[in-house]
Amino acid sequence: MRLTREFYRREGRQVARELLGKILVRNYKGSVLRARIVETEAYLGPEDRASHAWKNKRTERTETMYLQGGHLYIYLIYGMYNCLNVVASVEGIPHAVLIRGVEPLEGEEVMRGLRNCKKKYELTNGPGKLCMALGIERRDNGVDLATSPDIWLEDDGYVPGEVVCARRVGIEYAGDYREMLWRYYIEGNPWVSRR
DNA sequence: GCATTGATAATCT
DNA sequence: GATTATCAATGCA
């Protein structure tokens, strides 16, 4: 069942936690790709120094985060890689959830075709990797997961086992917010980017 | 370990 | 308008 608007219109951390176990569905050139979300991070705009929208900063890029929950926020990092975020909360409050790891369920051969990767788990165990595997690029920025025919999220009733809270990755510049345990992952799942 | 890469935002003239 | 510092990472050595 496709997740509806109300799922996304909540506080970022709650959305991040509940996105674990949900399925990311992608229509890619006639193929249906499905992957279960196993790792997320929450970024809470106004107060969070690690967020692009810290102190409610509004720029052309961050504008997407101010849309209501359910939209995709996709940006280029390190000049080479795309990162996929799900916008949370209501209009005007820039919360976002970074998807860091997914487990392929369907169309894995197509995903491997989009990426040159040798080891099994390296296909989708990182934010840049999973974007490549699912054919997600910056032109998908601003797409609405609640209505798009090309990409959306589903709930198949799966309930994650033990969920771990941890520090977020790659935000050494964020001062005290470095310490916040706003990263969530399913314990023991091999598609998590790092332990 | 370390090089890669280009959009973005801040800081200048 | 031009210049520069920075970066929610990856892949190869």
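Below, chain A is the first sequence line, B the second, and so on; all start at residue 1.
In this structure, the side chains of E172(A) and R178(A) come closer than 4.5 Å at one or more pairs of heavy atoms. Within the 4.5 Å cutoff, no side-chain heavy atoms of T124(A) are placed close to those of R115(A).
Glycosidic conformation of dA9(C): anti, with the torsion beyond 90° of 0.
Side-chain proximity of A96(A) to dA8(C), dA9(C), dG11(C): nearest is dA8(C). Of the listed nucleotides (dA9(B), dA8(C), dG11(C)), dA8(C) has the atom at the smallest distance from the side chain of I77(A). Considering only side-chain atoms of M65(A), the nucleotide from dT10(C), dA8(C), dA9(C) that sits closest is dA8(C). For H52(A), whose side chain is taken as the heavy atoms from C-beta onward, the closest listed nucleotide among dA8(C), dA10(B), dT10(C) is dA8(C).
Nucleotide dA2(C) forms a Watson-Crick or G-U wobble pair with dT11(B), both donor-acceptor distances falling under 3.5 Å. Nucleotide dT10(C): paired with dA3(B) (Watson-Crick or G-U wobble, both distances less than 3.5 Å).
Residue R183(A) is classed as having no contact, given no heavy-atom separation below 4.0 Å to the nucleic acid. When heavy atoms are screened at a 4.0 angstrom cut-off, L76(A) is found touching the sugar-phosphate backbone but no base atom.
For R168(A) and Y43(A), the positive end sits near the middle of the six-membered ring, less than 6.0 Å away and at most 45° from its axis. A cation-pi arrangement is absent between R5(A) and Y8(A) under the rule of less than 6.0 angstrom and at most 45 degrees off the ring axis.
Residue side chain Y75(A) fails the stacking definition with respect to dA7(B), as its ring centre and the base's six-membered ring centre are not both under 5.5 angstrom apart and under 30 degrees in plane angle.
In this structure, K118(A) does not reach the dG11(C) phosphate: none of its side-chain N or O atoms is under 4.0 Å from OP1 or OP2. Applying the 4.0 Å criterion to OP1 and OP2 of dA9(C), one finds that Y78(A) has a side-chain N or O inside that range. Phosphate contact (OP1/OP2 of dA7(B), side-chain N/O of R61(A), threshold under 4.0 Å): absent. Between R194(A) and dA9(C) there is no side-chain polar atom (N or O) within less than 4.0 angstrom of OP1 or OP2. Neither OP1 nor OP2 of dG6(B) sits under 4.0 Å from any side-chain N or O of R138(A).
Per the geometry, CD belonging to E122(A) stands 8 Å off C1' belonging to dG11(C), to the nearest Å. Computed from coordinates, the R168(A) CZ to dC7(C) C1' distance equals 15 Å when rounded to whole Å. Atom-to-atom, CD1 of I74(A) to P of dA9(C) comes out at 16 Å; the value is rounded to the nearest Å. Here dA9(C) presents its P atom at 9 Å from OH of Y173(A), a figure rounded to the nearest Å. Rounded to whole Å, the distance from CG on L130(A) to P on dG11(C) is 12 Å. As rounded to whole Å, 9 Å separates atom P of dA9(C) from atom CD1 of I171(A). Between K129(A) atom NZ and dT10(C) atom P there is a gap of 5 Å when expressed in whole angstrom units. Rounded to an integer number of Å, the gap from E39(A) CD to dA9(C) C1' is 13 Å.
Remark: the separation of the C1' atoms in dT5(B) and dT4(C) is 15 Å, to the nearest Å.
Contact check on R9(A) versus E91(A) returns a salt bridge, with a Lys/Arg side-chain nitrogen under 4.0 Å from an Asp/Glu carboxylate oxygen.
Counted by atom type alone, Y75(A) and H52(A) present zero donor-acceptor pairs between their side chains at under 3.5 Å.
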